[in-house]
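Heads up: the structure comes next, in C-alpha coordinates.
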Amino acid sequence: MPAANRPLTLKRVLNTPAIAITLYAAIVGLICFVSYTGAQNMGYNWQWYQVPKYLYRFTDDGFQAGEILTGLWATIVLSVSSFALALLLGLGVALLRLSGLLVGKGVAVGYLEFIRNIPLLVLLYLFYYVLGPVFGLDRWTAAMLTLAVFHSALISEIFRAGINSVPVGQWEAAASIGMSRAQAYHYIILPQSIRIMLPPLTGEVVHLIKSSAIVSVIAVAELTTVGRNIISDTYMSFEIWFTVAAVYLVLTLILSFGVSAVERRFQPET
Amino acid sequence: MSKEPIIVAQGIGKSFGDFKALTDVSLTVHKGERVVVCGPSGSGKSTLIRCFNGLENHDTGHLTIDGAELYEDAPHIRQLRQDVGMVFQQFNLFPHLTVLENLIIGPMKVRKLSRAQAETTARKYLERVRIPEQAEKRPAQLSGGQQQRVAIARALCMEPRVMLFDEPTSSLDPEMIGEVLDVMVELAQTGMTMVVVTHEMGFARKVADKMVFMEVGRIVEISPPETFFTNPASARARMFLDQILEH
Ligand SMILES: Nc1ncnc2c1ncn2[C@@H]1O[C@H](COP(=O)(O)OP(=O)(O)OP(=O)(O)O)[C@@H](O)[C@H]1O
Ligand SMILES: [Mg+2]
(Lines give C-alpha, C1' and ligand atoms only; values in the text may rest on other atoms or scores of the structure.)
(Ligands and ions follow the chains in the order given, each with its own letter.)
Protein backbone atom coordinates (compact mmCIF):
# COMPACT_ATOMS: atom_id res chain seq x y z
CA MET A 1 0.00 0.00 0.00
CA PRO A 2 1.48 3.43 -0.90
CA ALA A 3 2.54 5.43 2.14
CA ALA A 4 0.11 8.27 1.40
CA ASN A 5 -2.89 5.95 1.51
CA ARG A 6 -2.17 4.43 4.89
CA PRO A 7 -4.39 5.71 7.69
CA LEU A 8 -2.74 8.13 10.10
CA THR A 9 -2.39 6.18 13.30
CA LEU A 10 -1.06 7.59 16.58
CA LYS A 11 2.01 5.37 16.16
CA ARG A 12 2.79 6.81 12.75
CA VAL A 13 2.37 10.38 13.94
CA LEU A 14 4.74 9.76 16.86
CA ASN A 15 7.26 8.25 14.48
CA THR A 16 7.56 11.24 12.16
CA PRO A 17 11.09 12.59 12.70
CA ALA A 18 10.17 16.12 13.83
CA ILE A 19 7.70 14.94 16.45
CA ALA A 20 9.96 12.11 17.63
CA ILE A 21 12.90 14.48 18.17
CA THR A 22 10.73 17.05 19.94
CA LEU A 23 9.29 14.41 22.24
CA TYR A 24 12.73 12.98 22.95
CA ALA A 25 14.10 16.42 23.83
CA ALA A 26 11.09 17.09 26.01
CA ILE A 27 11.53 13.84 27.95
CA VAL A 28 15.28 14.34 28.47
CA GLY A 29 14.66 17.99 29.43
CA LEU A 30 12.02 16.94 31.94
CA ILE A 31 14.35 14.43 33.58
CA CYS A 32 17.14 17.02 33.83
CA PHE A 33 14.74 19.64 35.13
CA VAL A 34 13.31 17.36 37.82
CA SER A 35 16.70 16.27 39.08
CA TYR A 36 18.02 19.82 38.95
CA THR A 37 15.11 21.37 40.86
CA GLY A 38 15.16 18.43 43.25
CA ALA A 39 18.79 19.13 44.00
CA GLN A 40 18.09 22.87 44.32
CA ASN A 41 15.36 22.16 46.85
CA MET A 42 17.81 20.07 48.85
CA GLY A 43 20.09 23.07 48.79
CA TYR A 44 22.62 21.10 46.76
CA ASN A 45 25.69 23.09 45.79
CA TRP A 46 26.53 22.24 42.18
CA GLN A 47 30.24 22.33 41.39
CA TRP A 48 30.44 21.11 37.79
CA TYR A 49 33.49 23.32 37.25
CA GLN A 50 35.39 21.00 39.59
CA VAL A 51 34.69 17.91 37.49
CA PRO A 52 37.01 18.30 34.44
CA LYS A 53 40.18 18.09 36.50
CA TYR A 54 39.20 14.59 37.57
CA LEU A 55 38.93 13.64 33.92
CA TYR A 56 42.10 15.23 32.56
CA ARG A 57 44.53 18.05 33.16
CA PHE A 58 46.93 20.00 31.00
CA THR A 59 50.16 20.67 32.79
CA ASP A 60 53.63 21.64 31.59
CA ASP A 61 54.13 17.96 30.71
CA GLY A 62 51.09 18.08 28.41
CA PHE A 63 47.96 15.94 28.72
CA GLN A 64 47.52 14.13 32.03
CA ALA A 65 44.76 11.61 32.61
CA GLY A 66 42.73 12.44 35.70
CA GLU A 67 41.54 9.91 38.26
CA ILE A 68 38.36 9.09 36.40
CA LEU A 69 40.16 8.30 33.15
CA THR A 70 42.70 6.20 35.06
CA GLY A 71 39.79 4.37 36.67
CA LEU A 72 38.20 3.91 33.26
CA TRP A 73 41.42 2.36 31.98
CA ALA A 74 41.47 -0.03 34.94
CA THR A 75 37.86 -0.98 34.19
CA ILE A 76 38.76 -1.65 30.56
CA VAL A 77 41.78 -3.78 31.45
CA LEU A 78 39.80 -5.68 34.08
CA SER A 79 36.89 -6.25 31.70
CA VAL A 80 39.06 -7.33 28.77
CA SER A 81 41.10 -9.78 30.81
CA SER A 82 38.01 -11.19 32.56
CA PHE A 83 36.20 -11.52 29.27
CA ALA A 84 39.10 -13.31 27.62
CA LEU A 85 39.24 -15.77 30.48
CA ALA A 86 35.44 -16.10 30.48
CA LEU A 87 35.55 -16.99 26.77
CA LEU A 88 38.07 -19.76 27.41
CA LEU A 89 36.14 -21.11 30.38
CA GLY A 90 32.84 -20.82 28.52
CA LEU A 91 34.20 -22.65 25.49
CA GLY A 92 35.64 -25.37 27.72
CA VAL A 93 32.35 -25.85 29.55
CA ALA A 94 30.36 -25.86 26.30
CA LEU A 95 32.66 -28.47 24.73
CA LEU A 96 32.49 -30.62 27.86
CA ARG A 97 28.75 -30.43 27.74
CA LEU A 98 28.64 -31.38 24.07
CA SER A 99 31.32 -34.03 24.38
CA GLY A 100 28.85 -36.86 24.73
CA LEU A 101 30.70 -38.05 27.84
CA LEU A 102 28.45 -38.46 30.85
CA VAL A 103 31.20 -37.21 33.15
CA GLY A 104 31.79 -34.16 31.00
CA LYS A 105 28.13 -33.32 30.94
CA GLY A 106 27.83 -33.81 34.69
CA VAL A 107 30.76 -31.56 35.48
CA ALA A 108 29.53 -28.86 33.10
CA VAL A 109 25.95 -28.90 34.36
CA GLY A 110 27.11 -28.85 37.99
CA TYR A 111 29.34 -25.87 37.30
CA LEU A 112 26.59 -23.98 35.49
CA GLU A 113 23.99 -24.59 38.19
CA PHE A 114 26.43 -23.51 40.90
CA ILE A 115 27.37 -20.26 39.17
CA ARG A 116 23.86 -19.42 38.10
CA ASN A 117 22.40 -19.80 41.53
CA ILE A 118 24.69 -17.70 43.66
CA PRO A 119 24.71 -13.89 43.62
CA LEU A 120 27.67 -12.20 41.98
CA LEU A 121 28.49 -10.39 45.21
CA VAL A 122 28.69 -13.65 47.15
CA LEU A 123 30.89 -15.16 44.44
CA LEU A 124 33.19 -12.15 44.78
CA TYR A 125 33.39 -12.62 48.56
CA LEU A 126 34.11 -16.33 48.03
CA PHE A 127 37.01 -15.54 45.74
CA TYR A 128 38.37 -12.68 47.83
CA TYR A 129 37.84 -13.83 51.42
CA VAL A 130 37.95 -17.63 51.02
CA LEU A 131 39.98 -18.60 47.95
CA GLY A 132 42.07 -15.42 48.22
CA PRO A 133 43.91 -16.35 51.42
CA VAL A 134 44.06 -20.03 50.45
CA PHE A 135 45.67 -19.47 47.05
CA GLY A 136 47.26 -16.11 47.79
CA LEU A 137 45.13 -14.14 45.31
CA ASP A 138 45.41 -10.36 45.39
CA ARG A 139 42.24 -8.26 45.06
CA TRP A 140 42.82 -7.66 41.37
CA THR A 141 43.14 -11.38 40.58
CA ALA A 142 40.17 -12.27 42.78
CA ALA A 143 38.09 -9.64 40.99
CA MET A 144 39.15 -10.85 37.57
CA LEU A 145 38.47 -14.51 38.37
CA THR A 146 35.07 -13.68 39.85
CA LEU A 147 33.94 -11.80 36.78
CA ALA A 148 35.35 -14.46 34.45
CA VAL A 149 33.71 -17.36 36.27
CA PHE A 150 30.40 -15.56 36.66
CA HIS A 151 30.15 -14.63 33.00
CA SER A 152 31.51 -17.93 31.71
CA ALA A 153 28.16 -19.54 32.57
CA LEU A 154 26.14 -17.47 30.12
CA ILE A 155 28.97 -17.48 27.60
CA SER A 156 29.08 -21.26 27.59
CA GLU A 157 25.35 -21.29 26.81
CA ILE A 158 25.97 -18.86 23.95
CA PHE A 159 28.69 -21.17 22.62
CA ARG A 160 26.48 -24.21 22.98
CA ALA A 161 23.60 -22.59 21.14
CA GLY A 162 25.95 -21.36 18.42
CA ILE A 163 27.54 -24.77 17.97
CA ASN A 164 24.17 -26.53 17.96
CA SER A 165 22.89 -24.17 15.30
CA VAL A 166 25.27 -25.67 12.74
CA PRO A 167 23.41 -28.45 10.87
CA VAL A 168 24.47 -31.99 11.66
CA GLY A 169 25.27 -32.49 7.96
CA GLN A 170 28.32 -30.25 8.44
CA TRP A 171 29.67 -32.64 11.07
CA GLU A 172 29.01 -35.57 8.78
CA ALA A 173 30.69 -33.91 5.82
CA ALA A 174 33.72 -33.08 7.96
CA ALA A 175 33.82 -36.64 9.27
CA SER A 176 33.44 -38.09 5.80
CA ILE A 177 36.69 -36.48 4.69
CA GLY A 178 38.44 -37.97 7.70
CA MET A 179 38.47 -34.99 10.05
CA SER A 180 38.70 -35.59 13.77
CA ARG A 181 36.24 -33.97 16.13
CA ALA A 182 38.78 -31.31 17.05
CA GLN A 183 39.50 -30.53 13.39
CA ALA A 184 35.78 -30.35 12.62
CA TYR A 185 35.31 -27.85 15.45
CA HIS A 186 38.30 -25.81 14.39
CA TYR A 187 37.82 -25.61 10.63
CA ILE A 188 34.12 -26.23 10.09
CA ILE A 189 31.86 -25.73 13.09
CA LEU A 190 33.23 -22.79 15.09
CA PRO A 191 33.81 -20.51 12.08
CA GLN A 192 30.16 -20.99 11.15
CA SER A 193 28.82 -20.46 14.64
CA ILE A 194 30.69 -17.20 15.25
CA ARG A 195 28.20 -15.23 13.21
CA ILE A 196 25.39 -16.46 15.42
CA MET A 197 27.33 -16.01 18.64
CA LEU A 198 28.58 -12.49 18.02
CA PRO A 199 25.45 -10.49 18.96
CA PRO A 200 24.82 -12.26 22.28
CA LEU A 201 28.54 -12.17 23.08
CA THR A 202 28.57 -8.39 22.67
CA GLY A 203 25.65 -8.20 25.00
CA GLU A 204 27.70 -10.21 27.46
CA VAL A 205 30.69 -7.84 27.22
CA VAL A 206 28.43 -4.90 28.00
CA HIS A 207 26.93 -6.88 30.86
CA LEU A 208 30.42 -7.70 32.17
CA ILE A 209 31.59 -4.09 32.02
CA LYS A 210 28.58 -3.08 34.03
CA SER A 211 28.90 -5.83 36.59
CA SER A 212 32.62 -5.07 36.98
CA ALA A 213 31.50 -2.07 39.10
CA ILE A 214 30.75 -4.52 41.89
CA VAL A 215 34.44 -5.16 42.54
CA SER A 216 34.55 -1.69 44.11
CA VAL A 217 33.33 -3.42 47.30
CA ILE A 218 36.76 -5.01 47.64
CA ALA A 219 38.37 -1.70 46.68
CA VAL A 220 39.84 -2.65 43.32
CA ALA A 221 40.82 0.72 41.87
CA GLU A 222 38.45 0.81 38.87
CA LEU A 223 36.02 3.43 37.68
CA THR A 224 33.38 3.02 40.38
CA THR A 225 35.88 2.87 43.22
CA VAL A 226 37.56 5.99 41.88
CA GLY A 227 34.20 7.76 41.76
CA ARG A 228 33.48 6.80 45.35
CA ASN A 229 36.89 7.98 46.51
CA ILE A 230 36.50 11.36 44.84
CA ILE A 231 33.11 11.81 46.46
CA SER A 232 34.38 10.97 49.92
CA ASP A 233 36.98 13.72 49.44
CA THR A 234 34.75 16.33 47.81
CA TYR A 235 31.09 15.48 48.59
CA MET A 236 30.19 16.13 44.91
CA SER A 237 28.04 13.00 44.65
CA PHE A 238 25.65 14.28 41.96
CA GLU A 239 28.33 15.52 39.56
CA ILE A 240 30.62 12.54 39.99
CA TRP A 241 27.96 9.82 39.73
CA PHE A 242 26.50 11.52 36.65
CA THR A 243 29.97 11.65 35.15
CA VAL A 244 30.79 8.06 36.02
CA ALA A 245 27.48 6.89 34.55
CA ALA A 246 28.15 8.87 31.39
CA VAL A 247 31.62 7.32 31.07
CA TYR A 248 30.16 3.79 31.36
CA LEU A 249 27.51 4.71 28.82
CA VAL A 250 30.03 6.06 26.32
CA LEU A 251 32.20 2.97 26.73
CA THR A 252 29.39 0.49 26.14
CA LEU A 253 27.89 2.50 23.29
CA ILE A 254 31.20 2.66 21.45
CA LEU A 255 31.51 -1.07 21.92
CA SER A 256 28.04 -1.77 20.54
CA PHE A 257 28.65 0.36 17.47
CA GLY A 258 32.03 -1.28 16.88
CA VAL A 259 30.52 -4.72 17.09
CA SER A 260 27.65 -4.03 14.73
CA ALA A 261 30.28 -2.96 12.20
CA VAL A 262 32.12 -6.26 12.72
CA GLU A 263 28.87 -8.20 12.47
CA ARG A 264 28.13 -6.75 9.08
CA ARG A 265 31.47 -8.13 7.90
CA PHE A 266 30.57 -11.59 9.14
CA GLN A 267 27.33 -11.79 7.19
CA PRO A 268 27.76 -14.48 4.56
CA GLU A 269 27.89 -13.17 1.01
CA THR A 270 25.16 -14.55 -1.14
CA MET B 1 37.15 -56.85 -13.92
CA SER B 2 39.20 -57.88 -10.93
CA LYS B 3 37.28 -59.91 -8.43
CA GLU B 4 38.94 -58.58 -5.32
CA PRO B 5 36.36 -57.64 -2.67
CA ILE B 6 36.60 -54.16 -1.16
CA ILE B 7 33.47 -53.96 1.00
CA VAL B 8 32.30 -57.13 2.69
CA ALA B 9 29.27 -56.95 4.93
CA GLN B 10 28.34 -60.17 6.68
CA GLY B 11 25.06 -60.33 8.53
CA ILE B 12 25.17 -56.77 9.81
CA GLY B 13 22.41 -55.42 12.00
CA LYS B 14 21.70 -51.96 13.31
CA SER B 15 19.06 -50.73 15.73
CA PHE B 16 18.00 -47.26 16.76
CA GLY B 17 16.63 -47.94 20.21
CA ASP B 18 14.02 -50.63 19.73
CA PHE B 19 13.75 -50.02 16.02
CA LYS B 20 15.68 -52.41 13.79
CA ALA B 21 16.91 -50.35 10.82
CA LEU B 22 19.06 -53.18 9.41
CA THR B 23 18.62 -56.91 9.89
CA ASP B 24 21.15 -59.51 8.79
CA VAL B 25 22.44 -57.62 5.77
CA SER B 26 25.16 -59.29 3.71
CA LEU B 27 26.68 -57.68 0.64
CA THR B 28 30.02 -57.86 -1.13
CA VAL B 29 31.27 -55.04 -3.33
CA HIS B 30 34.28 -55.81 -5.52
CA LYS B 31 36.93 -53.40 -6.71
CA GLY B 32 35.74 -51.45 -9.71
CA GLU B 33 32.18 -52.60 -9.24
CA ARG B 34 29.16 -50.26 -9.40
CA VAL B 35 26.37 -51.20 -7.05
CA VAL B 36 23.04 -49.42 -7.09
CA VAL B 37 20.86 -49.73 -4.00
CA CYS B 38 17.14 -49.01 -4.18
CA GLY B 39 14.04 -49.65 -2.17
CA PRO B 40 11.17 -47.84 -0.54
CA SER B 41 11.63 -44.97 1.88
CA GLY B 42 12.72 -46.11 5.32
CA SER B 43 14.04 -49.44 4.09
CA GLY B 44 17.52 -48.77 5.50
CA LYS B 45 19.45 -47.76 2.37
CA SER B 46 21.03 -44.70 3.97
CA THR B 47 21.76 -46.56 7.17
CA LEU B 48 23.54 -49.27 5.22
CA ILE B 49 25.86 -47.04 3.24
CA ARG B 50 26.49 -44.84 6.26
CA CYS B 51 27.79 -47.98 7.98
CA PHE B 52 30.29 -48.34 5.13
CA ASN B 53 32.14 -45.22 6.25
CA GLY B 54 31.43 -45.46 9.95
CA LEU B 55 28.87 -42.65 10.14
CA GLU B 56 26.71 -45.33 11.74
CA ASN B 57 28.16 -48.17 13.77
CA HIS B 58 26.64 -51.56 13.07
CA ASP B 59 25.61 -53.47 16.20
CA THR B 60 26.04 -57.02 14.96
CA GLY B 61 27.80 -58.86 12.15
CA HIS B 62 31.08 -58.09 10.44
CA LEU B 63 32.04 -55.33 8.05
CA THR B 64 35.38 -55.33 6.27
CA ILE B 65 36.64 -52.46 4.15
CA ASP B 66 39.59 -53.27 1.92
CA GLY B 67 40.58 -56.18 4.15
CA ALA B 68 40.35 -54.30 7.47
CA GLU B 69 37.51 -55.09 9.81
CA LEU B 70 35.62 -52.00 10.93
CA TYR B 71 35.37 -51.51 14.67
CA GLU B 72 34.33 -48.64 16.86
CA ASP B 73 37.53 -46.67 17.40
CA ALA B 74 37.85 -43.05 16.36
CA PRO B 75 41.35 -43.04 14.82
CA HIS B 76 40.68 -46.30 13.01
CA ILE B 77 37.44 -45.04 11.52
CA ARG B 78 39.05 -41.74 10.55
CA GLN B 79 41.77 -43.63 8.72
CA LEU B 80 39.15 -45.64 6.90
CA ARG B 81 37.14 -42.59 5.89
CA GLN B 82 40.05 -41.20 3.96
CA ASP B 83 39.61 -44.09 1.56
CA VAL B 84 35.82 -43.98 1.41
CA GLY B 85 34.32 -40.86 -0.13
CA MET B 86 30.74 -39.89 0.56
CA VAL B 87 28.28 -37.66 -1.31
CA PHE B 88 25.15 -36.59 0.57
CA GLN B 89 21.66 -35.82 -0.58
CA GLN B 90 21.92 -32.29 0.86
CA PHE B 91 25.46 -31.67 -0.55
CA ASN B 92 26.69 -30.50 2.88
CA LEU B 93 29.26 -28.15 1.43
CA PHE B 94 31.03 -25.88 3.90
CA PRO B 95 29.22 -22.56 3.40
CA HIS B 96 31.91 -20.36 4.96
CA LEU B 97 34.61 -21.59 2.57
CA THR B 98 35.06 -21.00 -1.14
CA VAL B 99 34.65 -23.89 -3.57
CA LEU B 100 38.42 -24.30 -3.78
CA GLU B 101 38.79 -24.21 0.01
CA ASN B 102 36.06 -26.83 0.30
CA LEU B 103 38.17 -29.09 -1.88
CA ILE B 104 41.58 -28.53 -0.34
CA ILE B 105 40.74 -28.50 3.36
CA GLY B 106 40.55 -32.30 3.63
CA PRO B 107 43.75 -33.04 1.70
CA MET B 108 45.61 -30.31 3.62
CA LYS B 109 44.37 -30.93 7.16
CA VAL B 110 43.80 -34.66 7.02
CA ARG B 111 46.21 -35.95 4.38
CA LYS B 112 48.72 -33.21 5.30
CA LEU B 113 49.45 -32.25 1.72
CA SER B 114 50.93 -28.84 0.93
CA ARG B 115 48.55 -26.15 -0.31
CA ALA B 116 50.14 -26.28 -3.75
CA GLN B 117 49.69 -30.04 -4.06
CA ALA B 118 46.14 -29.86 -2.75
CA GLU B 119 45.27 -27.06 -5.17
CA THR B 120 46.63 -28.93 -8.16
CA THR B 121 44.46 -31.92 -7.30
CA ALA B 122 41.46 -29.71 -6.56
CA ARG B 123 41.68 -27.92 -9.91
CA LYS B 124 42.01 -31.24 -11.68
CA TYR B 125 38.77 -32.50 -10.13
CA LEU B 126 36.94 -29.20 -10.65
CA GLU B 127 37.81 -29.63 -14.30
CA ARG B 128 36.53 -33.19 -14.13
CA VAL B 129 33.15 -32.08 -12.75
CA ARG B 130 33.13 -29.25 -15.31
CA ILE B 131 33.13 -26.18 -13.07
CA PRO B 132 36.76 -24.97 -13.07
CA GLU B 133 35.60 -21.36 -13.31
CA GLN B 134 33.70 -21.43 -10.00
CA ALA B 135 36.70 -22.06 -7.75
CA GLU B 136 36.60 -18.73 -5.94
CA LYS B 137 32.83 -18.63 -5.32
CA ARG B 138 30.97 -19.56 -2.18
CA PRO B 139 28.65 -22.59 -2.32
CA ALA B 140 25.57 -20.38 -1.87
CA GLN B 141 26.40 -18.64 -5.16
CA LEU B 142 26.11 -21.90 -7.11
CA SER B 143 23.09 -23.78 -8.40
CA GLY B 144 22.11 -27.04 -6.73
CA GLY B 145 23.58 -29.11 -9.55
CA GLN B 146 26.86 -27.21 -9.35
CA GLN B 147 26.94 -27.62 -5.58
CA GLN B 148 26.48 -31.36 -5.84
CA ARG B 149 29.28 -31.55 -8.41
CA VAL B 150 31.52 -29.62 -6.03
CA ALA B 151 30.59 -32.12 -3.33
CA ILE B 152 31.61 -34.98 -5.63
CA ALA B 153 34.90 -33.23 -6.37
CA ARG B 154 35.47 -32.66 -2.65
CA ALA B 155 35.15 -36.37 -2.00
CA LEU B 156 37.39 -37.23 -4.97
CA CYS B 157 40.13 -34.87 -3.76
CA MET B 158 40.80 -37.29 -0.91
CA GLU B 159 41.63 -39.87 -3.62
CA PRO B 160 39.25 -42.47 -2.15
CA ARG B 161 39.09 -46.08 -3.26
CA VAL B 162 35.32 -46.27 -2.94
CA MET B 163 32.68 -43.61 -3.46
CA LEU B 164 29.35 -43.76 -1.66
CA PHE B 165 26.39 -41.72 -2.91
CA ASP B 166 23.24 -41.28 -0.83
CA GLU B 167 20.48 -40.14 -3.19
CA PRO B 168 22.74 -37.54 -4.79
CA THR B 169 20.05 -36.16 -7.09
CA SER B 170 16.97 -36.33 -4.86
CA SER B 171 17.08 -32.73 -3.70
CA LEU B 172 17.85 -31.28 -7.13
CA ASP B 173 15.51 -29.51 -9.51
CA PRO B 174 14.76 -31.87 -12.43
CA GLU B 175 16.74 -29.83 -14.95
CA MET B 176 19.92 -30.25 -12.87
CA ILE B 177 19.77 -33.99 -12.33
CA GLY B 178 21.31 -34.74 -15.72
CA GLU B 179 24.50 -32.76 -15.16
CA VAL B 180 25.17 -34.60 -11.88
CA LEU B 181 24.41 -38.03 -13.32
CA ASP B 182 26.69 -37.31 -16.30
CA VAL B 183 29.56 -36.64 -13.91
CA MET B 184 28.78 -39.87 -12.08
CA VAL B 185 28.66 -41.87 -15.30
CA GLU B 186 32.07 -40.49 -16.26
CA LEU B 187 33.37 -41.37 -12.83
CA ALA B 188 32.10 -44.91 -13.32
CA GLN B 189 33.97 -45.07 -16.62
CA THR B 190 37.24 -44.31 -14.83
CA GLY B 191 36.80 -47.56 -12.95
CA MET B 192 35.91 -46.08 -9.56
CA THR B 193 34.18 -48.44 -7.16
CA MET B 194 30.78 -46.93 -6.45
CA VAL B 195 27.85 -47.69 -4.19
CA VAL B 196 24.93 -45.50 -5.16
CA VAL B 197 21.59 -45.20 -3.43
CA THR B 198 19.29 -43.78 -6.08
CA HIS B 199 15.95 -44.10 -7.75
CA GLU B 200 17.35 -42.92 -11.08
CA MET B 201 16.78 -46.14 -12.95
CA GLY B 202 18.16 -44.79 -16.22
CA PHE B 203 21.46 -44.22 -14.48
CA ALA B 204 21.27 -47.64 -12.88
CA ARG B 205 20.72 -49.36 -16.23
CA LYS B 206 23.66 -47.50 -17.70
CA VAL B 207 26.31 -48.11 -15.04
CA ALA B 208 25.20 -50.72 -12.52
CA ASP B 209 26.95 -54.07 -12.33
CA LYS B 210 24.68 -55.14 -9.51
CA MET B 211 21.28 -54.03 -8.30
CA VAL B 212 20.42 -54.29 -4.61
CA PHE B 213 16.81 -54.05 -3.51
CA MET B 214 16.04 -53.41 0.15
CA GLU B 215 12.88 -53.48 2.20
CA VAL B 216 12.28 -53.03 5.93
CA GLY B 217 15.95 -53.26 6.82
CA ARG B 218 16.74 -56.34 4.76
CA ILE B 219 18.24 -56.99 1.37
CA VAL B 220 15.47 -58.68 -0.56
CA GLU B 221 17.23 -59.13 -3.87
CA ILE B 222 20.67 -58.80 -5.45
CA SER B 223 20.62 -59.24 -9.23
CA PRO B 224 22.43 -58.05 -12.32
CA PRO B 225 20.55 -55.14 -13.92
CA GLU B 226 19.46 -57.17 -16.96
CA THR B 227 17.40 -59.51 -14.81
CA PHE B 228 16.46 -56.90 -12.22
CA PHE B 229 14.76 -54.62 -14.70
CA THR B 230 13.15 -57.23 -16.91
CA ASN B 231 12.45 -60.08 -14.59
CA PRO B 232 13.10 -59.38 -10.91
CA ALA B 233 13.18 -62.44 -8.70
CA SER B 234 11.04 -60.94 -5.97
CA ALA B 235 7.48 -59.77 -6.25
CA ARG B 236 8.32 -56.85 -3.95
CA ALA B 237 10.97 -55.54 -6.31
CA ARG B 238 8.60 -55.92 -9.24
CA MET B 239 5.96 -53.83 -7.46
CA PHE B 240 8.53 -51.23 -6.51
CA LEU B 241 9.79 -50.97 -10.07
CA ASP B 242 6.27 -50.67 -11.45
CA GLN B 243 5.65 -47.83 -9.06
CA ILE B 244 8.73 -45.75 -9.75
CA LEU B 245 8.86 -46.41 -13.48
CA GLU B 246 5.34 -45.09 -13.82
CA HIS B 247 6.54 -41.65 -12.84
N1 LIG C 1 19.39 -41.66 13.85
C2 LIG C 1 18.24 -42.35 13.79
N3 LIG C 1 17.49 -42.49 14.90
C4 LIG C 1 16.34 -43.20 14.86
N5 LIG C 1 15.85 -43.79 13.77
C6 LIG C 1 16.55 -43.69 12.63
C7 LIG C 1 17.78 -42.95 12.58
N8 LIG C 1 18.25 -43.01 11.32
C9 LIG C 1 17.36 -43.74 10.62
N10 LIG C 1 16.34 -44.15 11.40
C11 LIG C 1 15.22 -44.98 10.99
O12 LIG C 1 15.71 -46.09 10.33
C13 LIG C 1 14.91 -46.43 9.21
C14 LIG C 1 15.77 -46.54 7.99
O15 LIG C 1 16.25 -45.25 7.68
P16 LIG C 1 17.12 -44.93 6.40
O17 LIG C 1 17.39 -43.47 6.43
O18 LIG C 1 18.27 -45.85 6.34
O19 LIG C 1 16.09 -45.28 5.24
P20 LIG C 1 16.25 -45.00 3.71
O21 LIG C 1 16.04 -46.29 3.04
O22 LIG C 1 17.50 -44.29 3.43
O23 LIG C 1 15.00 -44.09 3.43
P24 LIG C 1 14.87 -42.81 2.48
O25 LIG C 1 14.57 -43.31 1.10
O26 LIG C 1 13.68 -42.09 3.05
O27 LIG C 1 16.13 -42.03 2.58
C28 LIG C 1 13.86 -45.35 9.10
O29 LIG C 1 12.63 -45.87 9.59
C30 LIG C 1 14.35 -44.25 9.97
O31 LIG C 1 13.28 -43.61 10.60
MG1 LIG D 1 17.98 -42.29 2.83
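Keep in mind it's a predicted model, so treat the numbers as computed, not measured. A note on names: the letters A, B, ... follow the listed sequences, proteins ahead of strands, and every chain is numbered from 1. Both backbone and side-chain heavy atoms feed into the values below; hydrogens, waters and symmetry mates do not.
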| task | Give a yes or no on whether A/Lys105 atom NZ has more than 12 heavy-atom contacts from other residues, nucleotides or ligands under 6.0 Å away. | result | no

| task | Evaluate whether atom CZ of B/Phe16 has more than 12 neighbouring non-hydrogen atoms of other residues, nucleotides or ligands under 6.0 angstrom away. | result | yes

| message | Please identify, among B/Val87, B/Leu93, B/Val84, B/Asp83, the residue contributing the most non-hydrogen atom pairs under 4.5 Å to chain A. | response | B/Leu93

| With a 4.5 Å heavy-atom cut-off, do A/Ser176 and B/Arg81 have their side chains touching? | no

| request: For atom CD of B/Glu69, decide whether the heavy atoms of other residues, nucleotides or ligands shown that lie under 6.0 angstrom number more than 12. | output: yes

| Where on B/Phe88 is there a heavy atom nearer than 4.5 Å to chain A: the side chain, the backbone, both, or neither? | side chain

| query | Can you find a pair of side-chain heavy atoms, one from B/Pro95 and one from A/Gln170, that are under 4.5 Å apart? | reply | yes

| query | Highest number of heavy-atom pairs under 4.5 Å with chain B: which of A/Glu172, A/Met179, A/Gln183, A/His186? | reply | A/Glu172

| query | When only pairs under 4.5 Å are counted, which of B/Gln90, B/Arg111, B/Lys109 shares the most heavy-atom pairs with chain A? | reply | B/Lys109

| field | Residues, nucleotides or ligands: over 12 heavy atoms within 6.0 Å of B/His62 NE2 | value | no

| Nearest 0.5 Å, what's the CE-OH distance between B/Met108 and A/Tyr187? | 8.0 Å

| remark: Here the gap from B/Arg78 atom CZ to A/Ile177 atom CD1, rounded to the nearest 0.5 Å, amounts to 13.0 Å

| query | Does the B/Asn92 side chain pair with the main chain of A/Ala173, one donor and one acceptor, at a distance under 3.5 Å? | reply | no

| field | CG/A/Leu102: more than 12 non-hydrogen atoms of other groups inside 6.0 Å | value | no

| In terms of heavy-atom contacts, does CZ of A/Arg116 have more than 12 from other residues, nucleotides or ligands at under 6.0 Å? | yes

